[in-house]
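Model, not experiment: these values are computed from the prediction. Numbering of ligands and ligand atoms starts at 1, following listing order.
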Amino acid sequence: MTNGTLITVAPTGAESAKADVPALPVTLDELVATAKECEAVGASVIHVHIRDEDAQPSLDPIRLRETVAALRSSTDLIVQLSSGGSVHDPESARLAVLDAGPDMASCTMGTVNFGDDVFMNRWEFIVDLHTRMQERGVVPEYEIFDLGQLWSLQRLLDKYGLPAGGHVHVDFVMNVPGGMPGTAAALVACQQALRELPEGTTFSATGIGRATLPVLLTSLGAGGHLRVGMEDTVTYAKGQPVESNAQLVARASAFARLAQRPPLTPGEARNLLGIPAR
Ligand code: KMH
Ligand code: ZN
């Protein structure tokens, strides 16, 4: 058990355009620079979406491999690739993300309306992703956009067994239009529902847009961990655009220290999540 706080940075995402958000890291150089800055101020995990040469969301296998290698050679961060991609990515490309050999990958536990789009996650796809991660020793972070998805996770683990490493970690992604709200009540309801999952299951939480701070503060108070980054919010305060991902990580670290739950180092985070040392 740890008293510290796992801080994941999600620096890019697939939804914001570089033209609208100039500080968004979209090239490999920008991503590596961001990763170093965020590690220096308390991040231990990086949740990665990549972009192509036109700054459009991409799951290109060669770029993904290069990205994993570059992040590993420049930082000690745990590299978590998004298997969610963008709402337009086919299942085959999302499964192929695992070929890049990350430490972790996301695994979303159900289909959810996503603004005007639909983020598709069929049951058979989830099973495929989960079992392939087991075979390859890639540790999942189960992304939960709505309460019922925790019951899907329970069903998944009951039928197909624990993930690689044996530890279950979930991330509550709150306030997506179509998913659960980013409120303290919704987060506590999710936390309560974790009682049905294997003992020791840990959670982090992130609130999209203006839910960022309420979700961060509630998660810290409830014993949860944190995800922050420009994938989830591009506004630091009312009328104030985010300057950098490190600005968001530094704020999360400061709150974690105030809460007497200082940021975990990447090594401590590996122990927590059941990820072997490199
Ligand atoms: N971009 C969203 C459609 C994940 O990374 O696994 C999906 C997403 C979740 O961001
Ligand atoms: Zn993502």
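Between the side chains of Asp171 and Ser204, at least one donor N or O lies within less than 3.5 Å of an accepting N or O. In the model, Thr5 has no side-chain atom that pairs as donor or acceptor with a side-chain atom of His225 under 3.5 Å.
Between Arg227 and Asp232, at least one side-chain nitrogen of the basic residue sits less than 4.0 Å from a carboxylate oxygen of the acidic one, meeting the salt-bridge criterion. Between Glu30 and Lys18, at least one side-chain N (NZ, or NE/NH1/NH2) sits under 4.0 Å from a carboxylate O, which counts as a salt bridge.
Excluding waters, the set of protein N/O/S atoms under 2.8 Å from the Zn ion (ligand 2) reads His47 NE2, His49 NE2, Glu231 OE2.
Contact check for Leu153 versus Val170: side-chain heavy atoms found under the 4.5 Å cut-off.
With respect to Arg72, the side-chain contact (heavy atoms from CB on, under 4.5 Å) criterion is satisfied by exactly one of Thr67, Asp103, Ile78: Asp103. With respect to Asp99, the salt bridge (Lys or Arg N to Asp or Glu O under 4.0 Å) criterion is satisfied by exactly one of Arg136, Arg132, Arg94: Arg136.
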Please tabulate, line by line, the atom pairs linking an N/O of ligand 1 to a protein N/O at a distance below 3.5 Å, with the distance in Å to 0.1, or answer 'none'.
unit_1   : atom_1 : unit_2 : atom_2 : d
ligand 1 : 1 (N)  : Glu15  : OE2    : 2.8
ligand 1 : 1 (N)  : Gly85  : O      : 2.8
ligand 1 : 5 (O)  : His47  : NE2    : 3.0
ligand 1 : 5 (O)  : His49  : NE2    : 3.1
ligand 1 : 5 (O)  : Ser82  : OG     : 2.7
ligand 1 : 6 (O)  : Gly84  : N      : 3.4
ligand 1 : 6 (O)  : Ser106 : OG     : 2.7
ligand 1 : 10 (O) : His49  : NE2    : 3.3
ligand 1 : 10 (O) : Glu231 : OE2    : 2.9

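Here the closest heavy-atom approach between residue Asn175 and residue Ala211 is recorded as ND2-CB, 3.4 Å.
Within 6.0 Å of atom CG in Asp158, more than 12 heavy atoms from other residues, nucleotides or ligands are found, so the atom counts as buried in its surroundings.
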